[in-house]
Number of protein chains: 2
Amino acid sequence: MSRCVLGSARAVGADKEAAMSLRYGLLGLLAEGPASGYDLARRFQEVLGQIWPAQHPKIYAELRRLADDGLIEVDSEGPRRRTAYRITESGVTEIRRWLAEGDVDHTMRLQPLLRSLFFWLMEPDDLDRHLRREVEFYSGMAEQYSAYAERKDRGEFGAAPPVQSMRVTIEAAVRLSQALADWARWASEHQPPAGHPSTE
Amino acid sequence: MSRCVLGSARAVGADKEAAMSLRYGLLGLLAEGPASGYDLARRFQEVLGQIWPAQHPKIYAELRRLADDGLIEVDSEGPRRRTAYRITESGVTEIRRWLAEGDVDHTMRLQPLLRSLFFWLMEPDDLDRHLRREVEFYSGMAEQYSAYAERKDRGEFGAAPPVQSMRVTIEAAVRLSQALADWARWASEHQPPAGHPSTE
DNA sequence: TGGTTACATGTCCCTAGGTACATGTCCTTT
DNA sequence: AAAGGACATGTACCTAGGGACATGTAACCA
């Protein structure tokens with residue numbers, strides 16, 4: 001109770017920064033310039049659709065918490081209750097600290113990998129169909145990101161530092177979706193015979 | 001209330017199988033043969049360390065729910081309250097249904113990708129250090145999984161269907177960590193000059 | 001002027017994931 | 001015989017994520 005005089009009430013242990021990636025994601029986007037929750041929600045959707053989905057209710061809530069903590073502040077208010085925020089000095093310090101000192105979380109919670117552990121339970125036909133769809137999905141994704149990367153390389157978005165960083169992020173998306181498409185193709189050729197589950 | 005006469009109380013919408021990957025992960029592992037919560041926790045840690053972390057409290061809770069739903073049943077009880085479960089016929093049906101019909105979640109919530117969006121905020125030295133560490137991490141990971149794959153290929157674990165599927169999963173892990181190591185190396189060479197955040 | 005769409009923010013509630021802590025047993029080693 | 005470690009299961013609580021639903025405004029166009 002008494003500890004909440006200033007700053008948001010994120011219970012005890014708020015300092016451990018375990019995850020809180022949405023928080024830093026918003027902070028990072030706001031470092032590029034002022035934006036409203038609505039803007040940020042769209043940016044998250046466009047730029048980070050598959051990478052870091054974020055729903056608008058969470059974004060608005062986190063923005064309020066960031067403001068409570070003084071890492072961002074209201075920049076302007078517009079029509080339709082629009083509230084744009086800008087990052088503060090301590091916000092910049094905080095995201096720089098996170099980037100430089102924060103522990104990187106290397107977890108890859110990829111459902112397709114979990115599923116692949118159980119391919120042996122699938123009928124060959126179902127597995128085949130599944131893998132074809134996966135190849136299609138990841139190839140399409142790789143193509144989309146590649147096209148985006150090309151537009152960046154042609155300079156369509158300028159060459160400001162944030163754009164250059166986004167180019168790096170997109171490169172990762174291209175390489176990962178390519179790798180997963182190749183893997184699914186490889187798996188089709190590596191198909192094991194269907195097995196029989198043990199109900200003992 | 002009245003809908004909980006049989007089966008676990010997973011509120012309304014339990015049928016929508018949104019995520020619930022842990023549930024199917026456990027079901028899939030149990031399709032290989034009976035195992036206790038402790039066994040499954042260790043398997044999750046060994047096989048799916050970076051891919052699908054699962055803490056034992058969640059595993060035990062989910063096992064009870066699976067048992068309530070009749071998808072698994074108690075196989076044997078041993079010393080120290082050890083309780084091994086085995087999958088039931090309807091459990092097999094359910095995981096096969098999920099594998100064949102369930103929607104695949106293609107989300108890649110990779111924190112390193114989110115971080116890369118904000119590389120432009122980092123001091124060149126910090127960024128360099130960060131990228132070197134990432135290369136090291138992912139190279140090591142790729143090597144570990146490669147070694148594991150080789151042992152599988154030499155037949156050290158037999159060639160039963162579940163082992164063959166795990167080989168496929170490991171292949172994905174190798175390819176992904178390789179891709180991320182390459183990406184981090186590429187990023188070091190693609191380093192943009194540090195930018196100045198806009199506090200307006 | 002009426003209807004639709006995009007803008008804009010929010011509440012509520014549930015599931016999923018993660019950590020801390022609690023408890024007790026069996027085995028091995030010293 | 002004591003002590004420590006691996007085995008084994010659990011409770012409690014918190015954060016993070018996601019969907020459903022609610023509300024209202026401004027712009028556009030037919």
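Numbers restart at 1 for each chain; the letters A, B, ... are given by sequence-line order, proteins then strands. Source: prediction; values computed, not measured.
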Checklist entry - Any luck finding a side-chain donor-acceptor pair between A:E134 and B:H106 under 3.5 Å? => result yes
Next on the checklist: Nearest to the B:P57 side chain among D:dG19, C:dG17, C:dA20, which nucleotide is it?
Outcome noted: C:dA20
Next on the checklist: The criterion is side chain to side chain contact (heavy atoms under 4.5 Å, CB included); which residues satisfy it with A:E73, sequence neighbours excluded?
Outcome noted: A:R86, A:T88
Checklist entry - Taking CG from A:D75 and P from C:dA8, how many angstroms apart are they, rounded to a whole number? => result 14 Å
Checklist entry - Which residues satisfy the side-chain hydrogen bond (donor to acceptor under 3.5 Å, both in side chains) test with A:R80, sequence neighbours excluded? => result none
Next on the checklist: From C-beta outward on B:R64, which listed nucleotide comes closest to its side chain: D:dG18, D:dT11, C:dG17?
Outcome noted: D:dT11
Item to check | Length of the line joining A:M108:CE and C:dG17:C1', which is rounded to integer Å | outcome: 19 Å
Checklist entry - Which nucleotides of nucleotides 1-6 of chain D have their base under 4.0 Å from a protein heavy atom (B), which only their sugar-phosphate (S), and which neither (-), written as one string 5' to 3'? => result ------
Checklist entry - Would you say B:M108 and A:L110 make side-chain contact, with heavy atoms under 4.5 Å? => result yes
Checklist entry - Taking only N and O in the side chain of B:R81, is any of them less than 4.0 Å away from OP1 or OP2 of D:dT9? => result no
Item to check | SB check A:E136 A:R132 (cutoff 4.0 Å) | outcome: no
Item to check | Spacing between B:F44 atom CZ and C:dA16 atom P, to the nearest angstrom | outcome: 13 Å
Item to check | Touch class at under 4.0 angstrom, heavy-atom based, for A:S21 against every strand present | outcome: nothing
Checklist outcome for this item: Nearest-nucleotide check on DNA chain D, B:T83 vs A:L22; residue mapping nearer the 5' end is B:T83
Item to check | Close side-chain approach of B:S198 and A:P34, heavy atoms under 4.5 Å | outcome: yes
Item to check | Separation of atom CE in B:M20 from atom P in C:dC14, rounded to whole Å | outcome: 16 Å
Checklist entry - For B:L66 and C:dA16, what is the distance between atoms CG and P respectively, to the nearest whole Å? => result 11 Å
Next on the checklist: Could you tell me how far apart B:H56 (NE2) and D:dT11 (C1') are, to the nearest whole angstrom?
Outcome noted: 10 Å
Checklist entry - OP1 or OP2 of D:dT9 sitting under 4.0 Å from any side-chain N/O of B:Y60? => result yes
Checklist entry - In whole angstroms, how far is the P atom of D:dA16 from the CZ atom of A:R23? => result 9 Å
Checklist entry - When you check the phosphate oxygens OP1 and OP2 of D:dG17, does a side-chain N or O of A:R109 lie under 4.0 Å from one of them? => result no
Next on the checklist: Can you tell whether the side chains of B:R167 and B:E171 come within less than 4.0 Å, N to carboxylate O?
Outcome noted: yes
Item to check | A:R65 CZ - D:dA16 P separation (whole Å) | outcome: 7 Å
Next on the checklist: Using OP1 and OP2 only, check whether a side-chain N or O of A:Q55 sits under 4.0 Å from D:dG17.
Outcome noted: no
Checklist outcome for this item: Picking from C:dA16, D:dC21, D:dA8, the nucleotide nearest the side-chain atoms of B:A19 would be C:dA16
